[in-house]
Amino acid sequence: MSGLSLPIDGSGTANAANVLAPNASPMTLDGTNTWIVGRGETVAVVDPGPDDETHLSTVATRLADRTVEVVLLTHGHEDHSGGARRFAEMVDAPVRALDRTHVLGEEGLADGDGLTVGGVEIRVIGTPGHSFDSLCFWLPEDGALLTGDTILGRGTTVIAPDGDLADYLRSLDKLRTMAELAEAESLLPGHGPILPDPIGKLDEYITHRRQRLDQIRQAIRDGAKDAREIVEMVYAEVPRELWPAAEMSVAAQLNYLKSL
Ligand SMILES: [Zn+2]
């Protein structure tokens with residue numbers, strides 16, 4: 001189910017609809033998912049995506065007869081935030097994000113914040129790790145969690161240079177607990193298709209992280225001297241074009257192991 005490479009443009013839940021940005025790549029999968037949250041006159045737009053005029057116009061046109069009250073960012077990476085400023089101008093809305101450098105208007109965004117847009121409740125959950133400023137957005141009415149790059153629709157995410165593995169592991173545990181308590185029904189990722197089994201997916205991510213750490217410890221015991229050598233041993237099955245990302249991820253894991 002979640003392993004299939006399905007285009008998801010137009011898919012969603014009762015209060016969230018996807019518009020897929022045309023920036024497909026090995027790192028961004030099918031492209032960035034821009035999410036329109038709200039089914040009434042007033043909506044929020046989560047992650048306008050890269051600075052791509054065609055995509056931003058597509059989203060704006062689709063919302064021409066509605067009001068965009070606010071633009072929210074799951075985090076500041078360019079493929080999610082690059083078009084935020086331009087899009088905000090197009091629709092005359094503020095941008096809210098954890099990282100103040102992306103905020104347009106008065107209000108930032110932080111763990112524990114809650115907002116209601118067009119009658120739809122959005123709860124903000126701080127999930128640092130993939131990046132220092134990663135947030136997830138919980139839509140209680142839909143039982144759906146917008147995950148940005150914290151959980152992807154396919155494969156696993158990387159710890160970016162501005163992220164931290166210890167934080168990421170804590171964030172996964174936090175989401176796992178929350179998904180269980182709140183009986184989450186779906187994950188709406190920043191890239192790739194909707195995931196229908198939040199707890200299963202989070203368990204998979206947590207297990208995967210532990211296994212990778214074990215493999216890296218083993219690679220070091222087997223004589224790997226640096227991140228590159230570890231990648232060659234541990235990520236042998238991963239396509240070569242993803243090795244630079246894997247090296248980044250290994251560097252984050254080495255930092256984490258050193259800090260223990
Ligand atoms: Zn990212």
Side-chain angles (χ1 to χ4, degrees), residues 8 16 18-35 37 45-52 55-56 59 71-87 95-103 108-111 124-138 145-172 174-175 187-195 201-202 205 208-209 212 235 238-239 241-253 255-256:
I8 64 163
N18 171 258
V19 186
L20 183 62
N23 60 333
S25 78
M27 288 297 287
T28 58
L29 306 179
D30 318 289
T32 302
N33 294 327
T34 295
W35 293 100
V37 176
V45 170
V46 176
D47 289 351
D51 191 7
D52 179 307
H55 173 64
L56 301 176
V59 181
V71 174
L72 304 175
L73 296 180
T74 59
H75 65 304
H77 289 163
E78 201 279 332
D79 55 326
H80 297 257
S81 72
R85 203 160 268 270
R86 174 79 187 108
F87 182 74
V95 179
R96 295 183 65 179
L98 183 96
D99 181 358
R100 297 293 313 189
T101 60
H102 294 285
V103 171
L109 211 52
D111 180 49
V124 182
I125 304 170
T127 51
H130 163 73
S131 66
F132 77 97
D133 62 340
S134 285
L135 300 170
C136 289
F137 302 120
W138 170 238
L145 184 72
L146 291 142
T147 58
D149 282 358
T150 298
I151 305 285
L152 299 179
R154 237 177 297 115
T156 55
T157 197
V158 298
I159 308 302
D162 66 325
D164 181 273
L165 181 58
D167 284 346
Y168 187 64
L169 293 169
R170 275 192 292 274
S171 290
L172 289 179
K174 179 176 173 182
L175 290 179
L187 302 177
L188 313 182
H191 306 275
I194 293 175
L195 300 164
K201 181 50 71 175
L202 285 160
Y205 264 59
H208 170 79
R209 280 290 153 198
R212 280 288 191 228
Y235 290 76
V238 169
E241 70 220 40
L242 293 175
W243 280 17
E247 219 174 303
M248 207 157 79
S249 193
V250 166
Q253 292 177 81
N255 277 338
Y256 172 74

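Atoms within each ligand, like the ligands themselves, are counted from 1 in listed order.
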Original post:
Under 3.5 Å, side chain of N33 to main-chain N/O of G192, donor-acceptor pair present?
Top reply: yes
**OP:** Could you list the residues that satisfy salt bridge (charged side-chain N to carboxylate O under 4.0 Å, His left out) with D164, not counting sequence neighbours?
**Re:** none
Subject >> Partners meeting salt bridge (charged side-chain N to carboxylate O under 4.0 Å, His left out) with R209 (sequence neighbours left out) >> reply: none
**OP:** Output yes when R154 and D30 qualify as a salt bridge under the 4.0 Å nitrogen-oxygen rule, no when they do not.
**Re:** yes
Subject >> For A24, all residues meeting side-chain contact (heavy atoms from CB on, under 4.5 Å), sequence neighbours excluded >> reply: none
Original post:
With side chains defined as the heavy atoms from C-beta onward, is the minimum distance between Y168 and V158 less than 4.5 Å?
Top reply: no
Original post:
What are the protein N/O/S atoms, named by residue and atom, that sit under 2.8 Å from the Zn ion (ligand 1)?
Top reply: H75 NE2, H77 ND1, H130 NE2, D149 OD2
